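No experiment lies behind these values; they were computed from the predicted model shown.
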Amino acid sequence: MTALADVEVVKKIVVEAGQRALEHWGRIEVELKPDTSMVTAADRETEQLVEERLAAAYPGYAFVGEEYGWRGPRDAPIWACDPIDGTTNFVAGLPHWCVSVGLLHRGVPELGAVYLPVLDELYWGVRGQGAWCNGQRLEAEDGDDLHPEDMVTLTSSALKTLNTEALVCRLRCIGSIATELVYTARGHLRGVVGLREGIVDVGAALCICAEAGCRFHYLRGPAVDVASLLEQMRTQEHFVYAPPRRLAFLQRTLRCR
């Protein structure tokens with residue numbers, strides 16, 4: 001348990017929200033946002049449910065969500081929530097989407113919980129206390145290079161803008177950055193490379209991945225400053241999330257086209 005919140009409370013909230021969203025999976029009408037991305041009534045309803053539950057448990061904390069933005073004081077601990085990360089998958093009836101909630105304070109990821117309802121996988125992490133999936137401790141696998149059968153995920157924007165032909169490994173784009181990150185923490189994937197992802201997309205996975213031994217850096221080198229990212233709301237350049245040695249390998253190998 002962190003001094004700021006009880007992860008058991010957060011886990012219950014994301015599971016409740018995920019189970020409710022699951023009732024609409026693959027059979028819900030779609031709207032398009034001004035940026036042409038998809039949104040559904042389930043996204044909005046799930047965010048409202050999560051915010052209401054968290055506000056009841058932790059009054060005075062701030063909240064930033066994918067659908068309704070920032071609410072609450074700027075100097076308080078803040079919940080970063082993507083109610084359905086992977087909405088396109090959700091609409092299409094694909095299983096890789098999740099409810100994602102992370103707690104950040106003064107630029108430090110304190111805890112996070114990510115729930116994939118279709119697969120019934122619940123990931124969580126608490127700063128200084130490790131990361132877990134359904135009771136199994138998570139530890140990312142590191143290495144100095146990549147095998148042809150290793151898998152690295154790149155978001156759609158990263159795939160379109162980097163020299164991906166330089167990687168000998170298998171390339172994937174799962175369609176949910178939070179899922180890709182926790183899969184890296186679990187060791188299914190060797191790393192994640194992204195571009196223009198929001199703090200609400202990665203907020204929960206920041207703590208989970210860090211506790212599993214991963215690092216969050218820009219492709220050009222320096223560590224991502226989470227406090228600055230919270231102000232910008234979205235990454236402005238390519239980033240890599242991976243264990244330290246593989247992160248360095250990806251930084252050496254990938255370049256903008």
Side-chain angles (χ1 to χ4, degrees), residues 32-33 35-39 43 65-67 80-92 94-100 102 109 112 114 116 123 140 146 150-210 212 214-226 228-230 232-243 246-247 249-257:
L32 292 180
K33 299 180 187 179
D35 65 0
T36 73
S37 62
M38 289 182 175
V39 65
D43 293 87
E66 174 72 20
E67 307 309 329
C81 171
D82 195 337
I84 298 179
D85 185 69
T87 298
T88 303
N89 290 348
F90 177 80
V91 170
L94 297 174
H96 291 106
W97 56 273
C98 59
V99 180
S100 174
V114 173
L116 283 74
Y123 295 81
L146 291 166
D150 284 336
M151 290 186 288
V152 168
T153 62
L154 295 95
T155 64
S156 295
S157 296
L159 277 170
K160 295 172 183 176
T161 53
L162 295 174
N163 62 328
T164 53
E165 68 278 1
L167 294 175
V168 301
C169 63
R170 302 284 184 176
L171 303 182
R172 299 289 184 266
C173 178
I174 293 176
S176 162
I177 184 68
T179 299
E180 293 167 341
L181 288 169
V182 297
Y183 278 8
T184 300
R186 196 174 185 179
H188 294 326
L189 306 172
R190 300 302 182 230
V192 178
V193 182
L195 174 65
R196 291 192 289 273
E197 298 297 327
I199 186 64
V200 297
D201 305 307
V202 303
L206 290 175
C207 183
I208 296 168
C209 288
C214 296
R215 300 293 178 265
F216 187 25
H217 283 239
Y218 291 113
L219 184 60
R220 62 181 171 86
V224 176
D225 182 85
V226 177
S228 296
L229 178 57
L230 190 57
Q232 297 167 353
M233 297 299 292
R234 191 168 295 277
T235 56
Q236 304 300 310
E237 56 182 289
H238 294 92
F239 64 84
V240 182
Y241 221 130
R246 285 221 166 87
L247 186 148
F249 174 82
L250 290 166
Q251 288 176 317
R252 291 194 305 269
T253 305
L254 291 173
R255 297 288 182 271
C256 291
R257 289 199 179 111

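Taking each heavy atom of Ala140 and Pro243 in turn, the nearest pair found is CB-CG, 3.6 Å. Nearest heavy-atom pair across Ala80 and Gly203 is CB-CA, 4.3 Å.
With sequence neighbours excluded, the residues forming a salt bridge (Lys or Arg N to Asp or Glu O under 4.0 Å) with Arg257 are Glu165, listed by chain and number. Considering only residues two or more places apart in sequence or on other chains, His96 meets the ring-ring contact (aromatic ring centres under 6.0 Å, His included) condition with Tyr183. Take Glu237 and apply the side chain to side chain donor-acceptor pair (under 3.5 Å) test, not counting sequence neighbours, and it matches Arg220. For the ring-ring contact (aromatic ring centres under 6.0 Å, His included) test, no residue two or more places apart in sequence or in another chain qualifies with Tyr123. Every residue meeting the side chain to side chain donor-acceptor pair (under 3.5 Å) condition with Asp85, not counting sequence neighbours, appears here in chain and number order: Ser176.
Here the side chains of Val224 and Tyr218 are in contact, with some heavy-atom distance below 4.5 Å. Inter-residue side-chain proximity for Trp97 and Thr179 is flagged as unmet; no heavy-atom pair is nearer than 4.5 Å. Between Val114 and Ser100 there is a side-chain heavy-atom pair separated by less than 4.5 Å. Looking at heavy atoms from C-beta onward, His217 lies out of side-chain contact with Pro222 at the 4.5 angstrom threshold. Contact of the Leu146 side chain with the Arg246 side chain is registered, since non-hydrogen atoms from C-beta on lie closer than 4.5 Å. Side-chain contact between Arg172 and Arg170: present, with at least one pair of heavy atoms (C-beta onward) separated by less than 4.5 Å. Between Leu250 and Leu167, the closest side-chain pair of non-hydrogen atoms falls below 4.5 Å. At least one side-chain heavy atom of Leu162 sits under 4.5 Å from a side-chain heavy atom of Cys256.
Side-chain atoms of Gln236 come within 3.5 Å of backbone atoms of Arg234 as a donor-acceptor pair (strictly under, hydrogens ignored). Of the possible polar contacts, one joining the Asp225 side chain to the Ser228 backbone as a donor-acceptor pair under 3.5 Å is found. No donor-acceptor distance shorter than 3.5 angstrom exists from the side chain of Ser37 to the backbone of Lys33, with no hydrogens or angles considered. One N or O on the side chain of Arg255 and one on the backbone of Gln251 form a donor-acceptor pair closer than 3.5 Å.
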- Chi angles and distances behind the side-chain contact (heavy atoms from CB on, under 4.5 Å) call for Glu180, His188: CA-CA 9 Å; Glu180 293 167 341; His188 294 326; over 6 Å; no
- Task: Given side-chain contact (heavy atoms from CB on, under 4.5 Å), test Cys214 with Thr184 step by step and report yes or no.
- Result: CA-CA 8 Å; Cys214 296; Thr184 300; 4.0 Å; yes
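Ring geometry, Tyr241 versus Phe216: the interplanar angle falls under 30°, so the pair is classed parallel (tilted spans 30 to 60°).
When each of Leu219, Leu154, Thr155 is tested with His238 by the rule side-chain contact (heavy atoms from CB on, under 4.5 Å), just one qualifies, namely Leu219.
The OG1 atom of Thr153 sits 6.0 Å away from atom CD1 of Ile177, with the distance rounded to the nearest 0.5 Å. Here the CG atom belonging to Leu181 is positioned 9.5 Å from the CG atom belonging to Leu189, to the nearest 0.5 angstrom. Taking CG of Asp82 as the start and CD of Glu67 as the end, the distance is 7.0 Å to the nearest 0.5 Å.
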Show the atom names and distances, to 0.1 Å, of all donor-acceptor pairs under 3.5 Å that link a side chain in residues 191-202 to residues at least two apart or in another chain.
| from | atom 1 | to | atom 2 | distance (Å) |
| --- | --- | --- | --- | --- |
| Asp201 | OD2 | Gly198 | N | 2.6 |

